[in-house]
Amino acid sequence: MTVCTLCGRKEAIFGRSYSGENLCGQCFCRTVEDKVRKAISKYEMLRQKDNFMVAVSGGKDSVTLLHILAKIEKVFPDVSFCAGTVDEGIRDYRDEALKIAEKNCQRLGVEHLVTSFKEMFGYELDEIVQLIKKKGEGGLTPCSYCGVLRRKALNTLARDAGVDKLVTAHSLDDVTQTMLLNVAHGDPMRIARSKPVLNVIHPKLVQRVKPLCLVPEKEVVFYAYLKGIEFQCIDCPYAQSALRNDIRDMLNRMEHKHAGTLFTVFRSMEKLQPAVEAYVTETQLNDCKLCGEPTVGDLCRPCKMLQELKVL
Ligand code: SF4
Ligand code: ZN
Ligand code: ZN
């Protein structure tokens, strides 16, 4: 039997290859919670009296983060939080996720606010997909619409709820993939912005923070398994093979061969970010002519996309 490196008493059930630790269930869970606490303190994600919303999709990362925050909320006694979900309107997928999100919120006694694409934009994602098909080849993918519209919907939900911060459940894997994806896209503005705490660039945009940024996805899943947390396991029917998937596979292969790669890439990008930020000039934000949301040009991206589908 391999004994836990930390307590030296119980049997180890998790090998953390990047640190060389072998951990029992209890020590493993404690260290995951510590990583979340550390990210919150290191990046000053939450301040006293902060009121925040956790974006909960019903998937493993968001539901697990909700449970961890409910547990460590006691460490930050003056903060309060609720959960927010966007129902994109994906039949046989999001409806199940929504129920799981609701169940977890009830279990934890967390207020749960829900909005939908239908309510906010007049169309469910399923309907948008039909319109994309009608438009024919060469258009954007369902994920492109979904990502852009969800970002706006979540921001509106959080702003209307009057919260100070919007907490998203991006794990170390997600954050690192996004960093490399932005490099692959050659987009310095996005490289400068892919940080654990986004800069406040407009009063209408709720600040986003990512307290899971120091926790590898594998550990999020194992934490959920050990704690018996219920989350949605099926994949979205529109999930597709995109550049992000190739970057994910590459990083996973490197992490497997060279333990610690994810952390190394994350830290390297962190060191480079101030230089990129200094290089990128602040853009002037205007009000979108159609919806009034902040945007670089005349129309915000969601309005432009919906207009191209001829639904605005
Ligand atoms: Fe939306 Fe694509 Fe994610 Fe499905 S896989 S929820 S369409 S972003
Ligand atoms: Zn132990
Ligand atoms: Zn707009």
Side-chain angles (χ1 to χ4, degrees), residues 1-16 19 21-34 55-62 85-98 101 116-117 120-130 132-133 139-156 168-170 174 177-178 181 202 204-205 226 232-245 248 285-309 311-312:
M1 160 177 128
T2 310
V3 174
C4 173
T5 320
L6 292 185
C7 65
R9 288 180 289 112
K10 296 189 187 149
E11 182 178 1
I13 54 168
F14 186 87
R16 191 174 266 157
S19 67
E21 292 164 309
N22 291 305
L23 302 169
C24 70
Q26 210 177 348
C27 291
F28 169 81
C29 289
R30 205 189 56 243
T31 54
V32 169
E33 290 156 13
D34 284 348
V56 180
S57 65
K60 59 181 179 343
D61 298 342
S62 62
T85 303
V86 176
D87 177 2
E88 298 94 344
I90 306 172
R91 234 176 118 199
D92 298 331
Y93 173 68
R94 187 53 81 213
D95 27 15
E96 185 198 309
L98 204 65
S116 66
F117 279 9
M120 237 175 235
F121 309 112
Y123 288 82
E124 294 183 335
L125 190 69
D126 284 341
E127 293 171 305
I128 291 176
V129 171
Q130 291 312 313
I132 300 172
K133 280 187 187 153
L140 294 168
T141 62
C143 289
S144 314
Y145 283 91
C146 186
V148 168
L149 298 180
R150 187 175 47 230
R151 175 169 271 275
K152 179 170 178 176
L154 263 178
N155 186 67
T156 308
T168 59
H170 294 96
D174 295 325
Q177 286 158 20
T178 304
L181 197 59
H202 192 282
K204 279 186 175 175
L205 298 175
L226 288 178
Q232 191 183 38
C233 299
I234 55 167
D235 287 332
C236 170
Y238 302 128
Q240 63 199 333
S241 197
L243 181 56
R244 177 181 284 274
N245 292 5
R248 177 187 296 123
L285 293 179
N286 313 310
D287 290 348
C288 168
K289 290 213 164 106
L290 286 176
C291 69
E293 292 296 313
T295 181
V296 179
D298 288 344
L299 290 183
C300 71
R301 196 132 179 256
C303 285
K304 226 186 260 172
M305 286 174 130
L306 293 173
Q307 221 181 30
E308 276 162 19
L309 281 181
V311 296
L312 267 189

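What you see below is based on every heavy atom in this structure, not just the backbone, and it leaves out hydrogens, waters and symmetry mates. Every number for a ligand or one of its atoms is a count from 1 in the order of the listing.
Looking only at side-chain heavy atoms (C-beta outward), K152 and C300 come within less than 4.5 Å of each other. Here the side chains of T178 and R244 are in contact, with some heavy-atom distance below 4.5 Å.
Protein heavy atom closest to atom 2 (Fe) of ligand 1, with residue, atom name and distance, is C143 SG, 2.3 Å.
Among the atoms of C146, none of the N, O or S atoms falls under 2.8 Å from atom 4 (Fe) of ligand 1.
For atom 3 (Fe) of ligand 1, the candidate residues are R150, E88, R94; the nearest heavy-atom contact is made by R150.
For S57 against S62, the heavy-atom pair with the smallest separation is N-OG, 3.0 Å.
Counting heavy atoms under 4.0 Å from ligand 1, residue L125 touches it through the side chain alone.
Within the listing of ligand 1, atoms 7 (S) sit less than 4.0 angstrom from a heavy atom of Y238. Distances below 4.0 Å separate heavy atoms of C236 from the following atoms of ligand 1: 4 (Fe), 5 (S), 6 (S), 7 (S). Below 4.0 Å from some heavy atom of A239 lie the following atoms of ligand 1, by number and element: 5 (S).
Looking only at atom types and distance, the side chain of R16 has a donor-acceptor partner in the side chain of T31 under 3.5 Å away.
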Yes or no on side-chain contact (heavy atoms from CB on, under 4.5 Å) for D61 and D174, after CA distance, side-chain angles and deciding distance? CA-CA 10 Å; D61 298 342; D174 295 325; 3.6 Å; yes
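Residue-ligand proximity: T141 is placed with every non-hydrogen atom at 4.0 Å or more from ligand 1.
Between the side chain of D34 and the backbone N or O of V32 there is no donor-acceptor pair closer than 3.5 Å.
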